[in-house]
Amino acid sequence: MLSVSHVEKSYKTGGLFSNERQEVLRKVSFECSHGECLGIIGESGSGKSTLGRLLLGIEKPDRGSVLFEGENVSDHAVRLGNISAVFQDYTSSINPFFTVEAAIMEPLLQQKKTRVDAKSKVDRLLNHVGLDSSYRKKYPHELSGGEVQRVCMARAISTEPKCIVLDESISSLDVSVQIQVLELLKTLKSIYKMSYIFITHDIQAAAYICDRVIIFRSGQIEEIVPIAKLKDVQSDYARKLLKHIITF
Amino acid sequence: MNIWLSLSKDKLAVMSLLIIVATLAAGIFAPQFAPHDPTEVNMQLKYAASSWTYLLGNDHLGRCILSRLIYGIRPSVLWVLVALAISVCIGAVIGFIAGYFRGKIDAFMMRICDVMLSFPGYVMTLAVVGILGAGLEHILIAFVVMKWAWFARVIRTAVMQYSDMDYVKFAKASGSSHLTVIVRHIVPVTFADIAVISSGSICSMILQISGLSFLGLGIQAPNAEWGMMLNEARGVMFSRPELMLAPGLAIIIVVSAFNFLSDALQAAINPQLKTAQRKLQASEVRVSSYESIRG
Amino acid sequence: MNLLEVENLCIWDAGTNETIVHNSSFHVKQGSCLAIVGESGSGKSVTCRSLMRLNKAWIRQSGDIRFKGEDVNLLSAKEMRKKRGKELCMIMQNGMRAFDPSCVVGVHCKETLGAHFDWSKSEMEAKMKRAMESVMLKDPISLLNKYPHQMSGGMLQRMMIALALVFTPDLIIADEPTTALDTISQYEVIEQLLLLRENMGTSMIFISHDLGVVRKIADDVLVMKDGEIIERGPINMVFTEAQHEYTQYLVSTRRALSHHFKKLIGEEL
């Protein structure tokens with residue numbers, strides 16, 4: 001469904017006339033099929049968030065292509081209603097001027113849904129993410145981190161997209177809330193049957209939800225393994241990564 | 001609407017708004033409001049104290065100060081506002097484009113701004129007046145030419161700061177067009193910054209207009225203008241200080257009204273400030289950050 | 001002997017009259033590590049900042065905080081400044097924000113050291129170098145000449161620990177030192193903190209919401225919820241036979257996260 005082939009991306013460093021470029025992604029190719037939960041695991045600075053932005057079509061790759069059902073994602077008509085996202089920073093993921101209701105309705109209204117339709121849907125969506133309708137009129141700064149991420153998820157699923165990119169969506173939450181959100185993601189997946197691309201540095205969280213993980217390192221794919229085979233990883237880096245996890 | 005409701009609770013804001021509306025109305029309908037002709041010379045009433053016919057007294061040529069004050073609103077406030085609006089608009093468009101799209105467009109536009117900003121303001125104004133001739137409209141044109149680059153820079157910085165936010169990323173990712181993203185997500189949050197910087201520059205523009213009028217490049221005597229009235233009173237500053245009082249107070253009151261209103265507006269449209277108990281602190285922070293921009 | 005004794009500490013917001021921390025008492029023994037766990041908003045960071053008297057002006061505190069028998073609340077601002085760093089050292093959550101972005105890290109370190117000791121430049125450099133080597137930062141001299149944005153979060157965090165090493169404080173307060181880090185850096189930072197405890201016998205207050213990390217490093221634990229200490233005791237006691245419902249909840253959620261992973265890896269449960 002979502003296929004990434006030979007994607008490369010580099011950023012200019014230095015001033016206006018400098019030609020120095022820093023390579024962030026090098027020849028990245030993978031595919032994500034319908035209903036799959038694909039984890040992308042990497043350290044900070046490995047380029048995984050850049051990859052996330054490319055998948056969402058916010059930025060264009062220098063070379064290679066990101067295709068959603070055969071069409072280029074950089075065209076916003078392709079993304080509309082099909083791809084959605086939940087980001088990391090819960091302090092800035094909802095416009096501070098919007099109420100919860102307005103935030104959830106935003107993607108619906110883009111699809112030329114009528115306001116009345118959209119409004120009636122908000123209650124159901126809030127219900128799905130475990131919040132009640134008293135939240136409709138609240139502003140994001142009145143919510144806790146976990147609640148904001150729930151609202152973001154309601155916003156993301158509002159158009160019933162086929163694919164959601166979760167960029168470090170749970171990393172800034174407390175461990176106890178992380179579990180709740182992960183459970184919620186599982187439940188939502190069983191209702192809406194969408195695929196997730198779960199970008200994170202936390203392998204334990206990825207192991208909790210993903211079907212397959214990509215281990216990412218300095219802009220390249222180090223290894224792709226189905227989660228059940230996680231203990232049989234081949235590359236040195238992946239082994240080192242697994243060895244250094246602090247479990248409970 | 002919500003904004004009006006919360007604005008009406010703030011007494012200072014209501015007062016500022018009333019002052020501004022009254023000033024604008026008085027300026028627009030000056031012939032109806034002014035008790036006398038502002039250019040009528042009556043040497044018998046030279047430096048006369050206030051009386052029932054001449055409420056604020058008379059100046060060195062025996063002209064009615066109140067009428068001159070009212071007519072002076074036109075160049076001092078109305079035209080300054082027009083010039084300000086035009087330069088903010090140009091600055092905003094360029095700032096939004098540069099800050100939102102970044103990259104080459106940004107670099108190109110900012111270099112133009114740098115070129116504009118590298119001219120000293122007064123020299124630029126003098127050049128424009130030199131080419132087009134003296135007169136208020138030419139000074140206003142010079143103002144627009146001089147100021148837009150500055151606004152563009154400040155607005156660009158504000159836009160850049162907000163266009164990295166996750167909700168902007170979400171809107172882009174879920175397929176909104178660039179225009180929708182800018183209008184729905186970036187304009188409201190940057191509006192506060194724009195309001196503060198523009199209300200701040202009203203003050204300096206009023207003073208600059210009067211300065212140029214003093215040099216004989218702006219408003220031509222005998223037409224009334226607040227800054228020019230100050231200048232005329234300057235000669236008798238020690239013997240008759242009350243002559244400076246009327247135009248001076250008028251400038252202070254109008255400028256502070258604009259400042260207070262923009263502060264209150266900011267608090268009213270921002271839900272975060274609306275519910276915050278430490279509203280006072282927040283507005284103090286705003287003012288100081290604005291001062292650092294200007295300074 | 002108790003290095004730090006806190007009795008009836010109350011913290012409240014003078015602006016809204018909201019109480020943030022209710023009547024909490026705890027103590028840190030010489031050479032031991034006390035962990036404070038809880039969800040965000042439970043008052044754990046505020047508590048620690050109050051020990052250093054670093055809270056915002058409108059946040060007030062009352063109660064006794066005795067550090068080495070001295071009441072911290074009674075010290076003047078100047079004496080307090082002397083104490084910070086040299087005797088009480090803090091390791092922050094975000095290394096990126098803890099260092100001055102406008103100068104290289106070395107300058108920042110030297111300034112900090114210069115405020116407390118009259119060492120010569122070369123002396124400082126030598127000490128810094130040794131400390132950095134001991135936290136596994138390779139090539140210290142070139143690192144000291146880098147700006148914070150050129151280093152990773154884990155490196156900056158270790159840099160902060162190295163700085164703490166030079167000070168050899170009596171008490172280190174680590175406020176979520178590993179939360180912003182990725183797996184490998186997290187592991188390394190924890191290893192360094194463990195080594196630090198072993199070698200210098202420093203006492204430590206360790207704040208975290210991740211019970212896994214806490215279990216690795218701490219001897220005693222306080223569980224906080226909504227500004228109150230709801231459970232306390234030696235680490236193994238609290239985690240295996242938690243009395244309070246909330247502690248049980250924290251432990252079970254953390255266990256659920258690891259459980260899945262351990263099953264996949266084939267570790268015994």
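These numbers were taken from a predicted model, which means no experiment stands behind them. Numbered from 1 within each chain, the chains take letters A, B, ... in sequence-line order.
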Determine, stepwise, if the pair I214(A) / V28(A) fulfils side chain to side chain contact (heavy atoms under 4.5 Å, CB included).
CA-CA 11 Å; I214(A) 295 176; V28(A) 176; over 6 Å; no

Quick check on D232(A): does its CG atom have over 12 non-hydrogen neighbours (other residues, nucleotides or ligands) under 6.0 Å away?
yes

Engaged part of I41(A) at the chain C interface, taking heavy atoms whose separation is under 4.5 Å:
neither

Measure distances from R254(C) to the heavy atoms of chain A and classify the residue's part below 4.5 Å as side chain, backbone, both or neither.
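Both the backbone and the side chain of R254(C) come within 4.5 Å of chain A.
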
In terms of heavy-atom pairs under 4.5 Å, which option from L182(A), T200(A), I227(A), D202(A) contacts chain C the most?
I227(A)

Would you confirm whether the ring centroid of Y192(A) sits within less than 6.0 angstrom of the ring centroid of H128(A)?
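That pair passes the under 6.0 Å test.
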
Between K138(A) and Y135(A), is NZ or CZ placed under 6.0 angstrom from the six-membered ring centre and within 45° of the ring axis?
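Verdict for Y135(A): a cation-pi partner in K138(A).
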
I need the residue from V214(C), L257(C), D210(C) with the largest number of non-hydrogen atom pairs under 4.5 Å to chain A.
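When all of V214(C), L257(C), D210(C) are compared, L257(C) has the most.
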
